[in-house]
Amino acid sequence: MRPALRFAMLALSVLAALGMISAAHARCQTGEVKLRFAQGADQQEAAGQSVRGRLARLLSSTINAELQGRACVEILKDATRYDGLLVVNALTGNEADLAAIDLANLAALEPGFQVLGLPLAFRNLRAVDRFAVSPPMKALSASIKKAGLLGLGVVHGGFFQLSGKRPVINPSDVLGLRFRRASGDASGLGNALRTVAQTVADADLVAAMGDGRVEVQSNTWVALGRGQHGKIHDGVTVTNHAYFGTLLTVSERFWDAQSPNLRRDLMGIFDRLVRQTNFETARRERAAKRFVVRSGVPVRALTRAQRLRWRAAVQSVWDVFQAPNKEALLTAVELANRGP
């Protein structure tokens, strides 16, 4: 056999071997513990902010590489089967083992989770980080064990901001206006300020803002940075009035069936990837905000006194919040907001 032909055949053999290795990495191998990640619809996916999808892919690539031969991740993607609280049925019914569940939906299982969705609850993502490791939040994550679930970590989605037809500085600036609440904004701010709710599809939002059907709206920095929303209204006010996020959740049935060593290694990966995903979310929000600023759209930050006025204006929403550990949760929120 000629040397050139021998070299070509050897190269093909190497490439074939590499292909087999790659295929083996992409699929669960015999003897590996399989974690089935149920990925439902993401409310912010249309805005290019699918945190759930990014987390699922990151968990899959990391666990498949670092725990090769011991564990692997299979992503089960179904926008309807695992939407909302339907994913709980999948986790408890042995159809899936891992999921990221919207914090707003978890309030149906444990009322205390509603504290994360209260209007103007947190100043920034650093405050949410501090709250996420507080004893009351850890107690919340453990409390859903009665539903067969175990919370592993809070994964940031981000915050909603306000944009209006006139500068939005005080609560009175939006009082009674036609308000379009973005999907995922469950803060109740619009009702507290007696705005007139408007239901407008994303595709029609820019036109609705132009013709007056929407006079004030909530939206994320990523959505504002990608579209023309912030350029039609008179600037964006950094209210951070509504936080949205998910809880990385594992089936208690699956977790209890694993060895202590595997649970330890998995928990280390979960902790690290939650922090990594949250860092990336914060970076994306900062980048989108900078894009809006560079476009020439006025961006207004609230002073501490102004934010306190907004907080007082939505007190009615806070008053109806009820949970068995309400006082401890509210104290933890207050302490979380004292940092930078």
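Residue numbers start at 1 and run along the sequence shown.
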Visitor: How far apart are the closest heavy atoms of T281 and R54, and which atoms are they?
Guide: OG1-NH2, 3.2 Å
Visitor: On a heavy-atom basis, which atom in V154 and which in N278 lie closest, and how many Å separate them?
Guide: O-ND2, 3.2 Å
Visitor: Tell me the closest heavy-atom pair linking L329 and P136, and the distance in Å.
Guide: CD2-CB, 3.8 Å
Visitor: Is the shortest side-chain N to carboxylate O distance from R36 to D97 below 4.0 Å?
Guide: yes
Visitor: Tell me which pairs pass side-chain hydrogen bond (donor to acceptor under 3.5 Å, both in side chains) where either residue lies in residues 312-325, with sequence neighbours left out.
Guide: R311-Q315, Q315-D319
Visitor: If we only count heavy atoms from C-beta on, is the S163 to Q217 side-chain gap below 4.5 Å?
Guide: yes
Visitor: Would you name the heavy atoms of L120 and T239 that are closest together and state the gap between them?
Guide: CD2-O, 4.2 Å
Visitor: Any heavy-atom pair between the side chains of V174 and F179 that's under 4.5 Å?
Guide: no
Visitor: Any side-chain donor paired with an acceptor under 3.5 Å for Q161 and N219?
Guide: no
Visitor: When you check the gap from the basic side-chain N to the acidic O, do R180 and D185 get nearer than 4.0 Å?
Guide: no
Visitor: Enter the distance from K138:NZ to F131:CZ here, rounded to the nearest 0.5 Å.
Guide: 12.5 Å
Visitor: If you draw a 6.0 Å radius around CZ in R264, do more than 12 non-hydrogen atoms from other residues or ligands fall strictly inside?
Guide: yes
Visitor: With the threshold set at 4.0 Å, does a side-chain nitrogen-carboxylate oxygen contact exist between R300 and D234?
Guide: yes
Visitor: From D102 CG over to L247 CG, what is the distance, rounded to the nearest 0.5 angstrom?
Guide: 10.5 Å
Visitor: Would you please test R81 and N89 for side-chain hydrogen bond (donor to acceptor under 3.5 Å, both in side chains) and show each step?
Guide: CA-CA 10 Å; R81 192 175 184 84; N89 297 332; over 6 Å; no
Visitor: Under the side-chain hydrogen bond (donor to acceptor under 3.5 Å, both in side chains) rule, what do T195 and R181 come out as? Steps first, then yes or no, please.
Guide: CA-CA 10 Å; T195 60; R181 177 181 60 84; over 6 Å; no
Visitor: Can a salt bridge be assigned to the pair R284 and E280 using a cut-off of 4.0 Å between side-chain N and carboxylate O?
Guide: yes
Visitor: Classify the ring geometry between F122 and Y243 as parallel (under 30°), tilted (30 to 60°) or perpendicular (over 60°).
Guide: perpendicular
